[in-house]
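Here's the structure we're looking at; comments come further down.
Numbered from 1 within each chain, the chains take letters A, B, ... in sequence-line order.
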Amino acid sequence: MTLRVYDSRRREKVEFTTLEAGKVKMYVCGVTVYDRCHLGHARCYIAFDLVHRWLEHSGYDVHYVQNFTDIDDKIITRAIDTGRDWQEIVATYIEAYYEDMDALNILRADAYPRCTDYVEKMNLITQSLIDKGNAYVADDGVYFHVDSAAEKYGQLTGQNIEAVLGGAGGRVTKTGLTKRDHKDFALWKSAKPGEPTWDSPWGAGRPGWHIECTAMSMDHLGEQFDLHGGGEDLRFPHHEAEIFQGECHSGISPVVTHWLHNGFVNIDGEKMSKSLGNFWTVNEILAKVDPHVLRLALVNAQYRSPIDMNEQLLGDAEKNYQRILSAYRDALKAWGGSALDTLTPLPEGDVDSPNQMLRSLAQMERYAEGFARAMDDDFNSREAVAKVLVASREIAKLLSGLDAQDSESCGHFATIWLEEFAGQVLGLLPSRETALAESSEDSARAGRIIEITGRVDELLVLREAARAGKDWSTADAIRDELKQMDVVVSDTAEGPVWDLAD
RNA sequence: GCACGGGUGACAGAGCGGCUAUGUGCGGGACUGCAGAUCCUGAUACCCGAGUUCAAAUCUCGGCCUGUGCUCCA
């Protein structure tokens with residue numbers, strides 16, 4: 001099977017290729033660290049986490065670089081507004097970024113370069129662009145002259161210069177102080193009072209936004225690399241600027257083989273924005289739902305589709321997560337952790353067999369193939385999640401009515417299946433220990449359970465006696481009493497089970 | 001205006017030439033004192049029109065509707 005990905009530059013699904021066999025050089029635009037991460041960031045970095053994980057699962061050696069933009073107008077504004085030092089703000093939100101992304105089970109990239117460490121390298125590229133006639137020095141900085149490489153314009157958006165001029169009306173005729181042309185973008189911004197500055201051949205100032213990614217990707221990955229990702233809003237102008245800068249500087253095209261852009265997140269059908277008051281930060285959501293649930297909600301969509309986040313979506317994700325988790329728990333219990341060399345080998349699955357176990361084993365193989373096919377088709381994680389869900393159901397069938405030996409072997413098989421696909425690739429499983437714990441809640445909750453277990457068991461014995469005598473009013477009264485203790489009782493075929501209410 | 005996406009059952013949303021998507025919700029059943037959970041099972045689709053084809057939700061053309069972007073933004 002071959003992996004196919006949608007390349008925004010060629011605007012079609014293409015076979016995934018690498019410059020060096022077996023190795024993937026991958027760069028994803030990171031955050032500007034001036035505030036907490038919101039749902040859109042979570043979506044983006046989960047999307048590329050999936051790309052990262054699937055490439056590794058497919059056998060590639062992935063080198064993943066993601067930057068932090070640690071100097072920018074928004075950071076300066078935040079510093080002025082809060083009276084804090086800009087570097088302190090940067091440090092705070094870089095830490096917050098790691099906290100949020102770790103919670104979402106996003107694997108760390110191999111490097112997290114910060115743009116302020118690359119000012120000198122950016123300036124070398126800028127100088128080279130000036131030397132080659134692609135950039136010019138103006139009164140308020142250095143600009144890239146887009147018309148110097150007009151054929152590269154609009155490659156990620158399918159637009160051309162005339163079209164944009166025609167459609168944008170009066171807005172684009174306003175140029176900067178000494179910009180030659182409205183399309184030109186800043187490589188270097190001359191110092192303004194009160195702003196942090198660095199030295200450059202063009203005087204004190206700070207770098208423009210686009211040049212940082214060119215400098216950092218080139219430093220870490222070279223003049224050409226395999227995959228560049230980011231939110232779809234970055235296609236234009238940010239990523240087009242990277243094409244201009246990188247390719248004009250190196251003379252090599254294309255700078256990036258595959259451009260991948262993830263879709264946006266809407267809230268209740270509306271664009272997420274601070275002014276609408278529907279701006280959800282990651283840590284706010286994680287105060288309410290399990291990180292795996294949020295992750296599932298976001299993975300349950302192909303990365304290019306927009307996601308409409310709402311209560312129902314989170315509710316569905318919660319239920320689906322419980323289903324997967326419960327299958328995982330059942331599998332772990334059935335296996336029981338027996339050493340692999342003591343397990344009896346499983347027979348070949350057979351869809352047509354009258355034997356349930358053989359049928360289920362065959363089904364599980366099919367779901368595994370379907371999962372891989374889905375991920376190979378431009379990382380269609382939604383389809384992949386569907387396979388995990390049907391497999392979770394199949395696991396219940398597989399594990400029912402087995403003798404002890406088969407149960408261990410099938411339990412192990414199901415455990416490995418889920419850990420490979422739901423765990424390793426989709427990142428949706430907690431640790432074995434957590435899954436096995438009766439509840440995945442924190443230790444305070446566990447402590448509470450231990451504390452009340454004796455009393456609850458006493459009451460349940462009384463209630464069972466009442467039920468046996470068909471004394472329903474007493475039975476219900478006891479259940480009410482347990483409810484006062486936050487205990488929820490469910491009667492099952494194996495007798496009553498209880499848990500703390502959420 | 002230009003560009004790029006969409007229009008699938010009650011809802012969300014896959015599939016993109018022949019094969020049950022999936023999940024929630026809904027109906028029936030098992031289990032049930034009640035409640036919940038679970039399991040089994042069922043029903044409801046492919047915007048409109050024309051064309052290509054043995055076969056179209058899937059390809060082509062036209063129409064209608066709709067989302068997003070167009071230098072703050074993941």
With a 4.0 Å cut-off on N to O distance, would you call A/Arg366 and A/Glu369 a salt bridge?
no
Under 3.5 Å, is there an N or O donor on one side and an acceptor on the other linking the side chain of A/Arg11 and the base of B/rC4?
no
Among B/rG25, B/rA74, B/rU68, which nucleotide sits nearest the side chain of A/Leu234?
B/rA74
Distances under 3.5 Å only, N/O to N/O: pair up the protein atoms with those of nucleotides 27-30 of chain B.
none

Looking at B/rA74, does its base get a donor-acceptor pair with the side chain of A/His261 below 3.5 Å?
no
Any side-chain donor-acceptor pair under 3.5 Å between A/Tyr27 and A/Glu242?
no
What protein N or O atoms touch nucleotides 9-16 of chain B N or O atoms at under 3.5 angstrom, if any, and at what distances?
{"residue": "B/rG13", "atom": "O2'", "partner": "A/Arg382", "partner atom": "NE", "Å": "2.5"}
{"residue": "B/rA14", "atom": "OP1", "partner": "A/Ser305", "partner atom": "OG", "Å": "3.0"}
{"residue": "B/rA14", "atom": "O3'", "partner": "A/Asn380", "partner atom": "ND2", "Å": "3.2"}
{"residue": "B/rA14", "atom": "O2'", "partner": "A/Glu383", "partner atom": "OE1", "Å": "2.3"}
{"residue": "B/rG15", "atom": "OP1", "partner": "A/Asn380", "partner atom": "ND2", "Å": "3.0"}

Check whether the ring centres of A/Trp280 and A/His38 lie less than 6.0 Å apart, and answer yes or no.
no
Is A/Lys483 near enough to B/rA35 that one of its side-chain N or O atoms lies under 4.0 angstrom from OP1 or OP2?
no
Expected rows: protein N/O vs nucleotides 38-42 of chain B N/O, under 3.5 Å:
none

Would the distance check show the side chain of A/Arg382 and the main-chain N or O of A/Val299 forming a donor-acceptor pair, the cut-off being under 3.5 Å?
no
Looking at every strand, decide which applies to A/Gly40 at a 4.0 Å heavy-atom threshold: base, sugar-phosphate, or nothing.
base
